[in-house]
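Everything quoted here is computed from the prediction, not taken from an experiment.
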Amino acid sequence: MMKKDLFNCVGVILAGGRAVRMQGKNKALQSYKGNLLFRYAYEAMAVNVNTVYVNVNLNQEVFLDENIRIFEDSSFFSNCGPLSGLATALSTFSEEYSHVLFSPCDTPLVPREVFQQLIHRAQTQPTKAFYIETSRGAQPLHVVMPVAFLRCLLAFLEREQYKVMAFYKEIDAESIYWGSEDSFMNINYLEQLS
């Protein structure tokens, strides 16, 4: 068990969606410019943390064949949207790590400096959660969060609340402004892959 006074962060790529807009295909495993979609955020994150996991519910064997550490959403948090992945990760890593750094799997242009900035802010204010904001608004799944917020998130979900930004408001998460909107272009449809 780690000492809670130390900053110890694990990375998590969120790829646990139902693939509705991708016609049932796992978004993370689609090819984009010669690489699997999840690999872009994974590699940018891996420069900043020692360990990265992928939160995935479909096609887990493919990730295991690639020697990727994975975990699936807990049945306790099913049907909670993106908060399923956040809650499962905070629960999974609450004993070993002080913080979880998150990214969705569908933002191939996100630079490693985004994760570097999130970690830096979390190190200077370790009791707060930080997410990215651009001129067009919040990028709520690019976030670093103390595992201590698990209890708050569980209470939030028990009230059948599932909006990420509403949860961030409740925990007084702070935004970090990022000047390049293009860094957060996300892939939601198969047509975007060509």
Please answer whether the main-chain N or O of [Y] pairs with a side-chain N or O of [X] as donor and acceptor at a distance below 3.5 Å.
{"X": "Tyr40", "Y": "Asp106", "result": "no"}
{"X": "Asn35", "Y": "Ser31", "result": "no"}
{"X": "Ser84", "Y": "Gly81", "result": "yes"}

Can you hop from [X] to [Y] via hydrophobic side chains spaced under 4.5 Å?
{"X": "Leu154", "Y": "Phe102", "result": "yes"}
{"X": "Val47", "Y": "Tyr42", "result": "no"}
{"X": "Ile68", "Y": "Leu64", "result": "yes"}

- Can the ring centroids of Tyr162 and Phe167 be said to lie less than 6.0 angstrom from one another?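 So the answer is no for these two rings.
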**Message:** Does anything in residues 106-135 form a ring pair (Phe, Tyr, Trp, His ring centres under 6.0 Å)? List the pairs, not counting sequence neighbours.
**Reply:**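 Sorted result for residues 106-135: Tyr131-Tyr168.
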Do [X] and [Y] have side chains that get closer than 4.5 Å, going by heavy atoms?
{"X": "Val100", "Y": "Val144", "answer": "no"}
{"X": "Met145", "Y": "Lys128", "answer": "no"}
{"X": "Leu83", "Y": "Leu153", "answer": "yes"}
{"X": "Met185", "Y": "Pro108", "answer": "yes"}
{"X": "Asp73", "Y": "Asn55", "answer": "yes"}
{"X": "Ile119", "Y": "Leu101", "answer": "yes"}
{"X": "Glu181", "Y": "Gln139", "answer": "yes"}
{"X": "Val54", "Y": "Phe71", "answer": "no"}

Determine the minimum heavy-atom distance between [X] and [Y], stating which atoms define it.
{"X": "Glu72", "Y": "Thr88", "answer": "O-CG2, 3.4 Å"}
{"X": "Cys105", "Y": "Lys27", "answer": "SG-CD, 4.1 Å"}
{"X": "Pro140", "Y": "Val164", "answer": "CB-CG1, 3.7 Å"}
{"X": "Cys152", "Y": "Ile171", "answer": "CB-CG2, 4.0 Å"}
{"X": "Leu90", "Y": "Pro146", "answer": "CD2-O, 3.9 Å"}

Using side chain to side chain contact (heavy atoms under 4.5 Å, CB included) as the criterion, point out the one residue from Val12, Leu157, Leu141 that pairs with Leu86.
->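 Result for side chain to side chain contact (heavy atoms under 4.5 Å, CB included) with Leu86: Leu141.
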Look up atom [atom1] in [X] and atom [atom2] in [Y], then write down how far apart they are to the nearest 0.5 Å.
{"X": "Phe156", "Y": "Lys169", "atom1": "CZ", "atom2": "NZ", "answer": "11.0 Å"}
{"X": "Phe63", "Y": "Glu61", "atom1": "CZ", "atom2": "CD", "answer": "9.5 Å"}
{"X": "Arg121", "Y": "Gln117", "atom1": "CZ", "atom2": "CD", "answer": "7.0 Å"}
{"X": "Asn50", "Y": "Asn8", "atom1": "CG", "atom2": "CG", "answer": "8.0 Å"}

Of Phe7, Phe149, Phe93, which meets ring-ring contact (aromatic ring centres under 6.0 Å, His included) against His99?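 Option passing the ring-ring contact (aromatic ring centres under 6.0 Å, His included) with His99: Phe7.
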side-chain contact (heavy atoms from CB on, under 4.5 Å) involving [X] - partner list, sequence neighbours excluded:
{"X": "Val62", "value": "Leu29, Asn59"}
{"X": "Arg151", "value": "none"}
{"X": "Thr107", "value": "Ser103, Pro104, Val110, His142, Asn186"}
{"X": "Thr51", "value": "Val10, Tyr53, Arg69, Tyr97"}

| Cationic N near anionic O, under 4.0 Å, Arg159 to Glu170 |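 So Arg159 pairs with Glu170 through a salt bridge.
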_Check Arg112 with Glu43, please: is the shortest side-chain N to carboxylate O separation under 4.0 Å?_
no
For this session: Using the test side chain to side chain donor-acceptor pair (under 3.5 Å), find all partners of Ser91 that sit at least two apart in sequence or belong to another chain.
Result: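 Listed in chain order: nothing, the list is empty.
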